[in-house]
Amino acid sequence: MIEHRPFNTLGKANHGWLDANHHFSFAGYHDPSRVNWGALRVWNDDRIAPNSGFPTHPHQDMEIITYVRKGAITHRDSMGNEGRTEAGDVQVMSAGRGVQHSEFNLEDEETTLFQIWIIPSERGGDPGWGARQFPKGDRAGQFVPLASGVANDDDALPIRTDARVLGATVKAGESVTYTPRTADRHLYLVPATGSIRVGDIEAQARDGLAITKEDSITITALEDSELVLVDAA
């Protein structure tokens, strides 16, 4: 089963400094058919104006993955962490029993990012944060785990849930195949750039594809494409 969710059907919230698009119900946007996809709870497609951002606010019991597409985001939290994550790189915050943090675009250009929230396998625990670089060249023609709670994904940032966040880049006319551990997994695929075809469905940049009950999926790039995929319980 593959459900195409075009970008123009997503929830919208424009706050001036923040232009947000919600793949799932979030804040003032609620669609009972798009509350979650398995353990995947939030996928926000955010555009953040220069020298603006999210002031300090709390989180609890959520795995929060930020995939920066353009620009950079600067993170500070109540654990004493501070870091700047640039385009193509990833940061992860495990909120655990509770943490406060802020995220600002301190650059002179707009920052665009995906922020992905996945429900943890267990509540509580110490909060944590980490970030690392993932060169796009390493993802050419293959899916690479960026954040994962799955055994043996040793090079990925750790998350406390039975899920993986993966990235790939695919040249026009080429294909990449992904095989989940079991067909009942919940896959959610978004091309950050380009356009793709999965089966008989064509999807444009920033569209969503909600996929389940598939033994594997083959994605063909109609244009050079950058892909982000969540595989969740």
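Numbers for residues simply follow the sequence, beginning at 1.
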Any sub-3.5 Å donor-acceptor pair from [X]'s side-chain atoms to [Y]'s backbone N or O?
X: Arg139; Y: Phe134; result: yes
X: Ser225; Y: Ser195; result: yes
X: Glu202; Y: Val198; result: no
X: Glu214; Y: Met1; result: yes
X: Ser25; Y: Arg34; result: yes

Item checked: Heavy atoms of other groups near Asn14 CG, more than 12 under 6.0 Å ->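 Enclosed.
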
Check: More than 12 foreign heavy atoms under 6.0 Å from NZ of Lys171: is that the case here?
Finding: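 No, the 6.0 Å shell around NZ holds no more than 12 heavy atoms from other groups.
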
Spacing of [X] atom [atom1] and [Y] atom [atom2] [to the nearest 0.5 Å]:
X: Asn36; Y: His186; atom1: CG; atom2: NE2; answer: 8.0 Å
X: Thr193; Y: Leu227; atom1: OG1; atom2: CG; answer: 7.5 Å
X: Asn21; Y: Asp19; atom1: CG; atom2: CG; answer: 5.5 Å

Next item on the list: Kindly indicate whether the side chain of Asp126, heavy atoms from C-beta on, has any atom under 4.5 Å from the side chain of Arg97.
Entry: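 When only atoms from C-beta onward are counted, Arg97 and Asp126 do touch, with a gap below 4.5 Å.
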
Does [X] come within less than 4.0 Å of [Y], counting only side-chain N to carboxylate O?
X: Glu226; Y: Lys136; result: yes
X: Asp231; Y: Arg185; result: yes
X: Asp45; Y: Arg69; result: yes
X: Arg5; Y: Asp207; result: no

Check: Out of curiosity, does Leu189 fall in the hydrophobic cluster containing Val230 (side-chain heavy atoms, cut-off under 4.5 Å, transitive links)?
Finding: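 The answer is no; the residues belong to distinct hydrophobic clusters.
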
Next item on the list: Evaluate the criterion ring-ring contact (aromatic ring centres under 6.0 Å, His included) for residue pair Trp17 and Phe104; output intermediate values, then yes/no.
Entry: CA-CA 11 Å; Trp17 65 272; Phe104 281 92; 8.1 Å; no

Notebook entry, point to check: Among Trp43, Phe26, Tyr188, Phe24, whose ring-ring contact (aromatic ring centres under 6.0 Å, His included) with Trp117 holds?
Noted result: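 In the set Trp43, Phe26, Tyr188, Phe24, the residue that makes a ring-ring contact (aromatic ring centres under 6.0 Å, His included) with Trp117 is Phe26.
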
Margin query: Once you measure the plane-to-plane angle for Phe143 and Tyr178, does it fall in the parallel (<30°), tilted (30-60°) or perpendicular (>60°) bin?
Written below: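 Ring orientation of Phe143 relative to Tyr178: perpendicular.
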
Next item on the list: Kindly assign one of parallel, tilted or perpendicular to the pair His57 and His59, based on the angle between their ring planes and the thresholds 30° and 60°.
Entry: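 Taking His59 first and then His57, their aromatic rings stand perpendicular (interplane angle over 60°).
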
Check: Does Phe114 have Lys70 sitting over its ring (NZ/CZ under 6.0 Å from centre, angle to axis within 45°)?
Finding: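 Ring-cation test returns no.
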
Item checked: salt bridge (charged side-chain N to carboxylate O under 4.0 Å, His left out) assessment of Asp184 paired with Lys213 -> CA-CA 5 Å; Asp184 60 353; Lys213 296 183 173 61; over 6 Å; no

Check: Under the criterion side-chain hydrogen bond (donor to acceptor under 3.5 Å, both in side chains), which of Asn105, Thr85, Thr74, Asp46 is the partner of Thr111?
Finding: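 Answer after filtering Asn105, Thr85, Thr74, Asp46: Asn105.
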
